[in-house]
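Right, one structure below, let's go through it.
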Amino acid sequence: MIDIKLIRENPELVKENIKKKFQDEKLPLVDEVAQLDKEFREAKTKGDALRGDRNRISKEIGKMMGQGLKEEAENAKQQVKDIDQELLDLEEKEGVLADKIKQIMMVIPNIIDPSVPIGKDDSENVEIERFGEPVVPEYEIPYHTDILEALDGLDLDSARNTSGNGFYYLMGDVARLHSSILSYARDFMINRGFTYFIPPFMIHSDVVTGVMSFKEMENMMYKIEGEDLYLIGTSEHSMIGRFLNRTVKEENLPYALTSYSPCFRKEVGAHGIEERGLYRVHQFEKQEMVVVCKPEDSMEWYDKLWKNSVDFFRSLDIPVRTLECCSGDLADLKVKSCDVEAWSPRQQKYFEVGSCSNLGDAQARRLGIRIKGKDGNYFAHTLNNTVVAPPRMLISFIENNLEPDGSVRIPGPLQPYMGGQTKIEVVKERKNTI
RNA sequence: GGAGGAAUACCCAAGUGGUUGAAGGGUCCGGUCUUGAAAACCGGUAGGUCACGAAAGUGGCGCCUGGGUUCGAAUCCCAGUUCCUCCGCCA
């Protein structure tokens with residue numbers, strides 16, 4: 001959500017930005033909202049004057065009553081009644097205009113950073129960095145569900161019975177590996193100066209509507225029946241929701257936070273064959289980074305954030321690359337963003353394991369996150385990024401650490417979290433599987 | 001979940017329909033006094049946000065939130081949220 005003042009003062013800049021994002025259909029909205037804004041301010045100025053009159057006259061009535069001036073008071077009452085009548089329509093108009101303006105402002109995209117490459121869609125995203133040797137093995141790598149089942153570590157059939165498609169049981173060493181990755185990720189971020197958080201896993205509807213559009217909400221969020229509660233789709237929801245309509249002290253910045261949570265997503269819509277198994281599930285767990293900082297610091301934080309993810313994957317011997325989102329692929333709220341992708345030896349391509357975003361002040365404006373400065377308040381900048389999100393991450397992990405005999409290596413940093421174990425062996429008898 | 005009580009500004013707190021333009025303290029800032037400090041005394045302390053205005057400034061909204069009653073609401077009514085006390089239940 002951009003500042004409407006920008007539309008008043010520099011509509012051409014806003015239009016240029018829309019063109020850069022190949023959303024020409026939104027161009028008329030700029031003039032439309034400018035006109036609505038003009039009407040709204042006229043109505044508000046008029047309304048404020050009337051409300052002022054009402055306040056003044058009502059006060060006078062009080063004095064008249066005190067002095068016993070009955071008749072004058074009755075006259076004045078009628079005057080205020082007339083004002084109220086006039087305000088009735090005007091206030092409705094103010095409300096309608098304000099709603100319309102907000103609706104349009106929500107879809108006008110944030111001004112992208114000058115460094116963002118211009119391109120129509122994700123095919124024009126730009127690789128900015130690559131680490132590790134993308135291994136092409138001589139033998140065929142099985143589908144990840146087959147690898148995990150051979151380790152007696154995954155039971156999708158039972159999960160389908162208990163909970164439906166999109167759920168899973170992780171078992172034995174594989175379940176432990178899953179937890180180890182999250183624990184390691186937590187410590188990894190703590191060591192880099194982030195503060196560890198465990199947030200609420202359910203949030204109220206006003207927080208939900210603050211952090212996402214109605215459409216996103218419909219497609220993603222699970223609602224608790226009979227309660228004003230939704231299961232979070234990512235800990236960013238409760239982490240950034242914490243700052244909703246809050247003013248933070250300048251000297252307390254930056255907030256560099258890392259949060260753990262399970263994430264629940266409806267994942268409405270059809271998905272391809274490559275998304276079977278653990279690619280796209282209704283429930284996963286995630287270690288996340290959230291930063292709230294001063295505007296001048298956000299770009300520096302942006303670079304730090306995505307590099308954290310890269311370093312994390314490198315420390316587990318997983319080849320990764322960073323792909324910058326081009327203008328057309330950038331979500332409307334974002335100033336700049338990139339995806340961190342891990343190598344899949346089986347598919348012999350990279351796939352997304354995390355996404356890093358600088359939202360500038362757009363999210364803060366939408367949520368009312370302000371900084372109390374010496375010379376007045378101003379909106380904060382917000383950023384977020386994935387550290388790691390298993391079980392999807394397990395796919396790249398086991399594919400890259402798979403031995404020809406089907407066992408899976410545990411890289412050094414993870415071994416302490418696995419009780420010193422250096423590999424997960426294929427089992428002869430699958431005792432965990434019913 | 002049940003029964004009571006509460007929510008006012010940075011903090012404490014008064015306030016049952018109209019000179020409340022939210023009393024009074026405290027904190028904080030400035031001053032007097034002092035070698036310096038403390039104390040005492042004097043003065044200043046709603047902050048935010050929106051609109052109008054070149055500016056000075058003017059006005060709207062703000063007493064947990066959202067509705068309502070009224071000429072007028074911190075105050076009355078309805079719904080909700082959070083906190084406290086007690087009871088019940090529970091890792």
Side-chain angles (χ1 to χ4, degrees), chain A residues 1-9 33-106 198-210 223-230 238 241-253 262 292 361-380:
Chain A
M1 199 177 185
I2 60 167
D3 191 344
I4 196 157
K5 280 185 194 140
L6 196 58
I7 285 182
R8 282 177 212 157
E9 286 158 14
V33 80
Q35 178 59 29
L36 290 169
D37 176 52
K38 196 166 159 253
E39 287 172 32
F40 170 76
R41 287 180 309 165
E42 279 166 8
K44 177 167 164 51
T45 304
K46 204 171 156 194
D48 282 352
L50 285 171
R51 283 182 285 264
D53 289 344
R54 177 173 66 187
N55 288 345
R56 187 173 45 77
I57 298 170
S58 293
K59 228 160 271 171
E60 281 166 11
I61 293 173
K63 278 184 201 163
M64 291 174 196
M65 304 288 262
Q67 294 162 6
L69 302 168
K70 274 253 163 78
E71 203 172 308
E72 287 86 340
E74 284 308 315
N75 270 335
K77 275 191 194 179
Q78 191 53 49
Q79 265 185 312
V80 178
K81 262 189 183 169
D82 293 343
I83 290 173
D84 275 346
Q85 197 54 43
E86 200 178 342
L87 270 172
L88 217 57
D89 288 343
L90 198 60
E91 285 184 344
E92 199 198 322
K93 191 178 167 191
E94 280 179 59
V96 169
L97 285 169
D99 283 351
K100 276 190 190 166
I101 289 166
K102 193 173 176 196
Q103 236 176 333
I104 293 176
M105 290 308 289
M106 290 286 210
I198 298 176
F201 303 153
M202 299 185 203
I203 50 176
H204 284 143
S205 56
D206 60 330
V207 181
V208 179
T209 51
K223 186 173 186 344
I224 305 297
E225 199 178 333
E227 308 269 347
D228 180 27
L229 285 173
Y230 290 79
S238 33
R242 197 166 83 99
F243 292 92
L244 182 67
N245 292 321
R246 304 286 285 270
T247 302
V248 300
K249 289 185 192 148
E250 203 169 39
E251 64 265 29
N252 287 347
L253 294 173
V292 177
D361 68 359
Q363 188 177 42
R365 179 171 295 104
R366 186 163 155 177
L367 294 176
I369 305 171
R370 291 187 167 83
I371 300 172
K372 189 182 182 72
K374 286 178 209 77
D375 311 311
N377 294 358
Y378 54 99
F379 289 112

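Values below: every heavy atom of this structure, side chains too, minus hydrogens, waters and symmetry copies.
In this structure, A:F243 and A:V248 have side chains that are in contact, with non-hydrogen atoms separated by less than 4.5 Å. Two residues are said to be in side-chain contact when any heavy atoms from C-beta on lie closer than 4.5 Å; A:L244 and A:I369 fail this criterion.
When the P atom of B:A51 is taken as reference, atom CG of A:L50 falls 18 Å away, rounded to whole Å. The nearest whole Å value for the distance from the NE2 atom in A:H204 to the P atom in B:U65 is 16 Å. Rounded to whole angstrom, the span from the CD atom of A:E91 across to the C1' atom of B:C50 amounts to 14 Å. The CG atom of A:D206 sits 12 Å away from the P atom of B:U82 (whole-angstrom rounding). Atoms CZ (A:R246) and P (B:U49) sit 16 Å apart, rounded to a whole Å. Distance A:L87 CG to B:G59 C1': 14 Å, rounded to the nearest Å. For the pair A:E74 CD and B:G72 P, the computed distance is 13 Å after rounding to whole Å. In this structure, CG of A:D84 is placed 9 Å from P of B:A73, rounded to the nearest angstrom.
The separation of B:U32 from B:U85, taken at their P atoms, amounts to 49 Å, rounded to a whole angstrom. With both ends at atom P, the span from B:U75 to B:G18 equals 12 Å, rounded to whole Å. For the C1' atom pair drawn from B:A13 and B:G25, the interatomic distance equals 8 Å after rounding to whole Å. Across the C1' atoms, B:C87 and B:U19 are found 49 Å apart, a figure rounded to whole Å. Using C1' as the reference atom, B:G48 and B:C86 are 39 Å apart when rounded to the nearest Å. B:U20 sits 28 Å from B:A79 when the C1' atoms are compared, rounded to a whole Å. Taking the P atoms as reference points, B:A22 lies 12 Å from B:G47, given to the whole Å. Spacing between B:G66 and B:A56 at atom C1', rounded to whole Å, works out to 38 Å.
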* For RNA chain B, just give me the dot-bracket, please: Watson-Crick or G-U, both distances below 3.5 Å, ( ) intra-strand, [ ] crossing earlier pairs, | paired with another strand, . unpaired. => ((((((((.[[[..)..(.....]]].(((((.......)))))...(((((....)))))..[[[[[..)....]]]]])))))))....

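An OP1 or OP2 oxygen of B:U49 is reached within less than 4.0 angstrom by no side-chain nitrogen or oxygen of A:R365. For B:C71, the OP1/OP2 oxygens have no side-chain nitrogen or oxygen of A:R54 closer than 4.0 Å. The shortest distance between the side-chain N/O atoms of A:K59 and the OP1/OP2 oxygens of B:G21 is below 4.0 Å. When the side-chain nitrogen and oxygen atoms of A:K63 are compared with OP1 and OP2 of B:G18, none of them lie within a distance under 4.0 Å.
Applying the salt bridge (charged side-chain N to carboxylate O under 4.0 Å, His left out) test to A:E39 and every residue at least two apart in sequence or in another chain returns nothing. In this structure, the salt bridge (charged side-chain N to carboxylate O under 4.0 Å, His left out) partners of A:D53, at least two apart in sequence or on a different chain, are A:R56. Residues forming a side-chain hydrogen bond (donor to acceptor under 3.5 Å, both in side chains) with A:D82 (at least two apart in sequence, or on another chain): A:Q78. For A:Q103, there are no side-chain hydrogen bond (donor to acceptor under 3.5 Å, both in side chains) partners, not counting sequence neighbours.
Nearest nucleotide to the A:R51 side chain, out of B:U49, B:C71, B:G60: B:G60. If you check B:U49, B:A51, B:G72 against the side chain of A:D48, the one that comes closest is B:A51. Distance from the side chain of A:N377 is smallest for B:G48 among the nucleotides B:C61, B:A51, B:G48. Which of B:C71, B:G60, B:G47 sits closest to the side chain of A:K372 comes down to B:G47. Across B:G18, B:G72, B:G21, the shortest atom-to-atom separation from the side chain of A:I61 is found for B:G18. Distances were taken from every side-chain heavy atom of A:N55 (C-beta onward) to each of B:A51, B:G21, B:C61; the shortest belongs to B:C61.
Between A:E74 and A:K77, at least one side-chain nitrogen of the basic residue sits less than 4.0 Å from a carboxylate oxygen of the acidic one, meeting the salt-bridge criterion.
In this structure, B:G62 shows a glycosidic angle within 90 degrees of zero, which is the syn conformation.
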Side-chain donor-acceptor contacts of residues 89-102 of chain A below 3.5 Å, not counting sequence neighbours, with atom names and distances?
{"residue": "A:E91", "atom": "OE2", "partner": "A:R51", "partner atom": "NH1", "Å": "2.8"}
{"residue": "A:E94", "atom": "OE1", "partner": "A:R51", "partner atom": "NH2", "Å": "3.4"}
{"residue": "A:E94", "atom": "OE2", "partner": "A:R51", "partner atom": "NH1", "Å": "3.4"}
{"residue": "A:E94", "atom": "OE2", "partner": "A:R51", "partner atom": "NH2", "Å": "3.4"}

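If you find the closest nucleotide of RNA chain B to A:V80 and to A:E42, the one lying nearer the 5' end belongs to A:E42. Comparing A:I4 and A:G62 by the nucleotide of RNA chain B that holds the closest heavy atom to each, the one mapping nearer the 5' end is A:G62.
Between the A:K249 side chain and the A:L253 main chain, no donor and acceptor come within less than 3.5 Å of each other.
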